[in-house]
Amino acid sequence: MAIRNPPSWMWAEACEMLERAQLLQRQFFRFGRASAAQPLWEPPIDILAYGNEVHVAVALPGVAADHIEVRTDSGLLIVNATRALPVTSRATAVHRLEIPYGRFERRIALPDGRYQLLEQAYTNGCLFLRLAQR
């Protein structure tokens with residue numbers, strides 16, 4: 001049985017994990033054609049609980065605040081909108097598109113209970129939501 005060099009082995013493991021994470025990200029942020037009703041991507045989120053309140057941060061860079069829809073439904077927080085593609089004509093040469101575009105929808109399961117949206121703010125490309133249990 002060969003003895004592994006721990007620093008080299010750990011570095012190789014970290015690189016493999018990064019490659020898997022990038023592959024998963026590309027799967028979630030696929031660019032393509034879809035019907036208007038079907039979401040193309042899901043934004044990343046943070047959820048923090050403080051007593052009877054839940055704070056949610058949704059990363060939405062480039063999405064206009066007045067185009068964001070937020071609602072609750074049966075224990076879910078649903079956030080959706082569309083991030084417009086910056087291509088304005090057929091003559092545009094796209095060299096790389098890594099930022100997700102198109103319609104998105106994120107369904108966020110909330111901790112057990114009924115919630116009311118207390119506050120909604122959009123700052124620096126992030127949507128901040130504060131909910132409280134009723």
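Because only heavy atoms are used, hydrogens play no part in the values below, and waters and symmetry mates are left out as well, while side chains stay in. Being a predicted model, the structure only gives us computed values, none of them experimental.
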*Do Val56 and Phe128 share a hydrophobic cluster, counting only Ile, Leu, Val, Met, Phe, Trp and Tyr and linking them when any side-chain heavy atoms are less than 4.5 Å apart?*
no
*Of all residues at least two apart in sequence or in a different chain, which pass the side-chain contact (heavy atoms from CB on, under 4.5 Å) check with Arg107?*
Arg71, Leu76, Ile78, Glu105
*asked:* I want to check something: taking the side chain as every heavy atom from C-beta on, are Arg83 and Leu60 in contact at a cut-off of under 4.5 Å?
replied: no
*Gap between atom CG of Leu77 and atom CD1 of Ile47 - 0.5 Å precision*: 8.0 Å
_For Leu131, the option from Leu118, Val70, Thr72 that meets side-chain contact (heavy atoms from CB on, under 4.5 Å)_ = Thr72
_Whether the side chain of Gln133 engages the backbone of Val54 through a donor-acceptor N/O pair (distance < 3.5 Å, no angle test) should be reported._
no
_I'd like to know whether CG of Asp112 has more than 12 heavy-atom contacts from other residues, nucleotides or ligands below 6.0 angstrom._
no
*Looking only at non-hydrogen atoms, find the nearest pair between Cys126 and Ala59 and report the distance.*
SG-CA, 4.1 Å
*Which heavy atom of Tyr101 sits nearest a heavy atom of Ala84, and at what distance?*
CD2-O, 3.2 Å
*asked:* Rounded at 0.5 Å granularity, tell me how far CD1 in Ile45 sits from CG in Leu127.
replied: 11.0 Å
*Partners of Thr82 by side-chain contact (heavy atoms from CB on, under 4.5 Å), sequence neighbours excluded?*
Arg103
*Would you name the heavy atoms of Val79 and Phe104 that are closest together and state the gap between them?*
O-CE1, 3.5 Å
_Residue pairs involving residues 113-130 (criterion salt bridge (Lys or Arg N to Asp or Glu O under 4.0 Å); sequence neighbours excluded)_ = Glu53-Arg130, Glu119-Arg130
*What's the spacing between Ile108 CD1 and Leu129 CG if we round to 0.5 Å?*
7.5 Å
*What pair of heavy atoms forms the shortest contact from Ala65 to Tyr122, and how long is it?*
CB-CD2, 3.5 Å
